[in-house]
Structure formats: structure tokens, C-alpha cells
Number of protein chains: 2
Amino acid sequence: MLGSPIVDWQTKRREVARSEILSAAWDAARDNGLAAITLRDVAARVGMQAPSLYSYFDSKHAIYDAMFGQAWSEYDEIEKELEERLPASPRAALKVGSRAFFEFCVTDPARHQLMNLRLIPNFTPSPESYAPSVRVFERLRRQLSEFGVTEDADVDLMTAVIAGLIDQQLANDPGGDRWGRLLDRAMDMYADQVGLP
Amino acid sequence: MLGSPIVDWQTKRREVARSEILSAAWDAARDNGLAAITLRDVAARVGMQAPSLYSYFDSKHAIYDAMFGQAWSEYDEIEKELEERLPASPRAALKVGSRAFFEFCVTDPARHQLMNLRLIPNFTPSPESYAPSVRVFERLRRQLSEFGVTEDADVDLMTAVIAGLIDQQLANDPGGDRWGRLLDRAMDMYADQVGLP
DNA sequence: GTCTATACACCGATAGAC
DNA sequence: GTCTATCGGTGTATAGAC
């Protein structure tokens with residue numbers, strides 16, 4: 001592959017810059033809220049002028065899109081590692097897995113809003129950015145099926161219970177654990193419902 | 001009360017205008033999304049110029065605030081009527097009540113975002129607008145306590161289950177009923193958990 | 001009192017010089 | 001690739017007509 005290193009340098013340099021921009025965007029989202037991100041602020045955080053961002057992203061939505069993919073990819077990696085040391089007991093595995101997702105969402109509200117809610121007007125993730133979230137969901141389906149839970153409705157009920165605890169925690173007790181401490185109990189409630197041992 | 005009719009005319013006229021503005025704001029929210037409301041658009045819908053809105057509301061946030069109070073007041077009225085013909089059976093009552101809230105939220109996503117999520121940056125409802133939502137929550141507490149459910153954690157679990165179904169329905173199957181048809185089952189699951197007959 | 005006209009600072013986005 | 005200049009739009013605010 002002669003000559004390809006030069007392309008790699010350029011590509012890598014570009015990727016580094018994109019990564020720095022995304023990092024600045026996350027900082028801005030955590031500081032002022034996801035919807036309150038401004039290109040001027042993000043640019044200033046990386047020492048650029050606002051229009052220069054357009055050399056790396058086609059639009060503000062493209063930044064949101066990359067952030068969406070990044071967040072789900074990050075959680076996908078966490079779950080991939082977690083999967084190898086998951087308890088054999090269905091209930092214990094349910095509790096460990098749901099706790100991981102709960103903590104991931106609750107520790108960064110802006111990230112959760114982007115991942116799980118549709119609060120950016122007219123923003124729909126691109127297929128590439130959507131892919132890692134599909135991987136996470138398919139892994140959940142597979143894990144549940146190994147415990148004998150195969151009905152779509154059963155999986156939907158599971159996601160609803162976890163999503164509800166996360167949303168209530170963030171909306172009504174941010175920084176606390178009023179709903180977080182209900183998580184294990186909620187998983188037992190679900191396990192009873194779908195007949196898990 | 002001589003002379004008071006004049007005051008009433010003025011007050012009523014003002015209230016009518018405020019009501020029309022709010023109605024236009026709801027239309028705009030449903031058309032373009034809650035966060036995408038613009039004062040110029042709202043004003044145009046009621047045949048005004050944008051600055052004229054400041055004669056009726058102190059700021060855009062004041063409009064959101066009034067919308068928040070209006071939405072919860074409306075649901076408070078619905079529940080007040082519903083309460084008189086609630087089934088005696090705890091499980092049936094749970095299903096009827098949760099269905100009412102679910103439908104109210106799902107039929108108007110913009111309203112749900114305003115009522116239950118915190119997606120408008122720096123917006124916190126005023127005490128007056130917050131009051132009707134407290135009334136709704138206290139009614140739920142009272143109804144549950146009549147069934148013997150008195151623990152705060154039990155009430156929190158209930159709100160989380162319903163909130164989760166609503167959020168998943170709106171985020172992943174808007175316009176459908178993929179999570180809506182799980183509502184009765186979820187209420188049975190909850191009733192089992194808290195030991196309701 | 002209510003409206004129109006106008007202004008300000010900021011936003012996302014684009015054009016074009018270098 | 002990065003900059004300056006600029007566009008149309010936004011929330012917000014005030015001055016002043018009627």
C-alpha cells in the first residue's frame with residue numbers, strides 16, 4: 001500500500017480535529033444544555049472561528065449526528081466488556097445490565113437526551129450513527145432470549161421499565177437516587193412478570 | 001359592586017386575548033415542535049406583530065409557563081371527572097387511570113414534552129403553573145393509599161412504569177400503539193409487585 | 001392601553017479572499 | 001483550511017403613534 005500513509009496522515013489529522021470538535025460540543029452540552037449548543041461556542045472552545053467548523057461537519061445537525069453515534073458506540077463498548085462477566089442467574093444479569101445502562105444515562109443528562117429522547121427539532125440520526133444503538137438493542141434481545149424471553153412485547157416492556165426509571169430520576173430528582181434505588185426491585189418485578197426463575 | 005363591570009370587561013378582554021395567544025402557541029408547537037416556537041409565528045397566527053405579545057406575556061418563557069399550567073389544569077379536570085366513575089377494583093382503577101394519562105400524553109407529543117420533560121433550557125414552571133401538576137400527583141397518592149399503597153417508593157415505581165411506556169411509545173413508535181397495548185399488562189405487573197388484589 | 005416601527009445581540013449558514 | 005464579512009432569522013426590548 002505505497003503512498004497510503006500520506007492519506008492516512010491527512011485522514012488521521014482530520015479525524016483528530018473532528019474528535020476535538022465533538023469533545024468541545026459535549027462540554028458545551030453539559031455546561032448549557034444539549035439544545036443550547038452554539039457553533040460559535042464550540043468553535044471558541046477549540047480555538048477556531050465558527051465557520052471553520054463547516055470544514056469538518058456539514059451542519060450543526062451533523063455534529064449532533066456524530067455525537068449520537070459516539071454516545072451509543074461508547075455504551076456498546078461498555079456492554080461488550082460487561083457481557084463477558086455477566087452473572088449466570090437471569091435476575092442478577094438483568095440487574096447488572098440495567099444498572100449499567102441506568103448509570104450511563106443518569107451520569108450525563110445531555111447525553112441521555114440525545115440518545116433516548118427526540119428533543120432536537122428535525123433531528124433524526126443517520127443510518128451510520130443509528131447502527132450502534134441497534135447493536136445494543138440486538139444484544140439485549142439476544143441476552144433475553146438466552147433466558148427464554150423471546151416475545152417482542154416482553155422486550156418492549158423491559159425497555160419501558162428502564163426508560164421510565166431513568167426519565168423520572170432525571171426529571172424529578174436529578175443528582176439523587178430516588179428512582180435508581182428502585183431499579184433492582186423493578187427488575188424483580190419484571191422477572192416475575194415474564195416468568196424468569 | 002358598581003363600576004366593576006368595566007374592570008371585568010377589560011380583564012375578560014385581556015384574558016380572551018391571552019387565551020388566543022396560548023391557543024396559537026399550541027398550534028405552533030404541534031406544527032413545528034415545542035422548542036421551535038417563535039414569537040413572530042405565534043403573533044402572526046393571531047394577527048399581531050411579535051412585540052405586541054409583550055402586552056400579554058412578559059417573555060417567551062412566560063408563554064411556556066402558562067402553557068404548562070394550562071396543560072396540567074386540563075388533565076386535572078379530566079381526572080376529576082374520571083374519579084367519580086372509577087372502578088372499585090384496584091387493578092381496574094389502575095388501568096383506567098393510567099390509560100387516561102397515557103392517552104393524554106401520547107395524543108400530543110409537544111404537550112407531553114412540556115408537561116413531563118425538561119427540554120426548554122432554563123425553563124422552570126412558576127409556583128402557580130406548577131400547582132395543578134401537584135394536584136394531579138396528590139390525587140394519585142390518595143387513590144393509591146385507598147388501595148393500601150402508601151409507601152413513597154411504591155408510588156414512584158408506578159409513575160416510572162407509566163412514564164416509561166409513554167416515552168418509549170413516543171420515541172420509538174409515534175402514532176402507533178406498540179407500548180400502549182402493554183399498559184394493562186404493566187399495571188397487572190405493578191399490582192402484583194405491590195400486592196394489590 | 002394597545003399597537004407599529006425599529007433596534008440590538010445573537011443564531012446557523014454561506015461567499016470569497018488568502 | 002481558516003479567516004472576515006455578511007445574510008436572513010431569532011428572542012428581546014424600547015420608543016412612540018393612535
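Heavy-atom basis, side chains included; hydrogens, waters and symmetry copies ignored. Proteins come first, then strands; the chains are lettered A, B, ... in the order of their sequence lines, and each starts at number 1.
- For DNA chain D, the neighbouring residues in residues 59-71 of chain B, judged by any heavy atom under 4.0 Å, are B/Lys60.
- Taken residue by residue, residues 17-49 of chain A places heavy atoms nearer than 4.0 Å to DNA chain D at A/Met48, A/Gln49.
- Scanning both residues, B/Asp154 and B/Val149, for their nearest heavy atoms gives CB-CG1, 3.4 Å.
- Salt bridge status for B/Arg185 with B/Asp188: absent, with no side-chain N to carboxylate O gap under 4.0 Å.
- Taking 4.0 angstrom as the limit, A/Tyr54 places none of its side-chain polar atoms (N or O) nearer than this to OP1 or OP2 of C/dT14.
- As a whole-Å value, the separation of B/Leu53 CG from D/dT14 P is 16 Å.
- A/Ser52 has no side-chain polar atom (N or O) that falls below the 4.0 Å cut-off from OP1 or OP2 of D/dG1.
- A salt bridge links A/Lys80 to A/Glu77: one of the charged nitrogens lies within less than 4.0 Å of a carboxylate oxygen.
- For B/Glu74, the salt bridge (Lys or Arg N to Asp or Glu O under 4.0 Å) partners two or more places apart in sequence, or in a different chain, are B/Arg111.
- At whole-Å resolution of the value, CD1 in B/Ile120 and P in D/dG11 are 12 Å apart.
- A salt bridge links A/Arg141 with A/Asp152: the distance from a Lys NZ or Arg NE/NH1/NH2 to an Asp or Glu carboxylate oxygen falls below 4.0 Å.
- Note: CZ (B/Arg14) to C1' (C/dG1) measures 10 Å, nearest angstrom.
- In this structure, B/Asp173 does not pair ionically with B/Arg181, as no charged nitrogen and carboxylate oxygen lie closer than 4.0 Å.
- With respect to the salt-bridge test (charged N to carboxylate O, under 4.0 angstrom), the residues A/Arg139 and A/Asp76 qualify.
- Relative ring orientation between A/Tyr64 and A/Phe123 is described as tilted, the plane-to-plane angle lying within the 30° to 60° band.
- Among the protein residues, B/Tyr56 comes within range of the sugar-phosphate backbone only, with heavy atoms under 4.0 Å from sugar or phosphate atoms but none that close to a base.
- Between the C1' atom of C/dG12 and the CG atom of A/Asp58 lies a distance of 14 Å, rounded to the nearest Å.
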